[in-house]
Amino acid sequence: MISKKDAKLISKKISEYDNIVIVKHQLPDWDAQGSAMGLAHLIQENWKNKNIFIPGARLNDDQNFSQNFDQNTLSKALIITVDTGNSSRLDFDQWNQGAEVLKIDHHIPVENYGNYNIVDVEAVAAAQVIGMWAIMMKLKISKEAAENIYTGISTDSGRFLFDRTSPETMEVAKTLLMAGADLNKINKFLYVGSLKQRQWTNYAFGKMQLTKSGIAHIILEEKDYKKFALSYDEVKSALSTMAGLNEIKIWFTVIEWEGIYKVSLRSRDYDVNSVAINYNGGGHKLASGAKLKDLNEVKKLVANLEKLLKTKKGIENEK
Ligand SMILES: [Mn+2]
């Protein structure tokens, strides 16, 4: 949990500025967007006369909080980043041209790029940090704020299934439901998919390769997903087809996207982050990202993960 001191610092910084620019990561997921939108609604509802902006890509047609503002506005703004461990992933090039930067995150810290860096690596979602801050500071939580924050927690926790789902996760979720978040609506929106989506994951799962020791991966090149007409997030949903299987200890996808080979690594028990950091990546112990120069590196990555399986015990005993 963040400290009371950190919670107060967030509120203090917000109070000091009229202009607030909230920045999330590139190729946003629902934790990024839910955290950004949720935070923006909380600020709007609990402080008067704030100009709040959220630049960058959006996952849906939510038009709240303008993406556009001028240089003068920016230079006098507090920049709050959410769900982004390293500055190169920020979805706004001019993130360092505001007055101050406040980072709120839950990734293992690799770069303290903010003037203030508030990171809770125990939190299953950045949205949980935002929600906990609202509870600690006794903020009013509207239905809109609650639904955005809940969406981030539900997706990043794998519907309250992943490792770091904790009493605090449940406490925040409870508060959000009491604030009016419509669980049925959110669940239908997030988890009822299309036939095309299922056909894609079936196709992708058919490409899965598994080693004897339990390392699975799926390589997805542009030629694979082109005919399905999918977003990056939809392509990446192939990752979850390898989860929850006894025979698979560590799994990853390699996705060719705009000329970059993006890797997403997962495990129930092994610290995949320790391998990801050697491949231009990082994130969390059990869920990490990386980048490969080309597909020739896949073999080496698999070998490194084999070594992790052999030399490191599962982290479950550490708890
Ligand atoms: Mn996140």
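Every number for a ligand or one of its atoms is a count from 1 in the order of the listing.
- Salt-bridge annotation for K24 and D83: absent, with no side-chain N of the basic residue lying under 4.0 Å from a carboxylate O of the acidic one.
- The distance from the Mn ion (ligand 1) to the nearest N/O/S atom of D29 is not under 2.8 Å.
- For E147 and K185, the salt-bridge test passes: some basic side-chain N is under 4.0 Å from an acidic carboxylate O.
- Using cut-offs of 30° and 60° for the angle between ring planes, the H284 and H106 rings count as tilted.
- W30 is listed as a side-chain neighbour of N60, based on a closest heavy-atom distance under 4.5 Å.
- Atom OD2 is the N/O/S atom of D156 found closest to the Mn ion (ligand 1).
- Nearest N/O/S atom of D83 relative to the Mn ion (ligand 1): this is OD1.
- Using cut-offs of 30° and 60° for the angle between ring planes, the W257 and Y232 rings count as perpendicular.
- For a distance bound of 2.8 Å, the N, O or S atoms of H107 include none lying that close to the Mn ion (ligand 1).
- Here the angle at the Mn ion (ligand 1) defined by OD2 in D31 and NE2 in H106 stands at 100°, rounded to 10 degrees.
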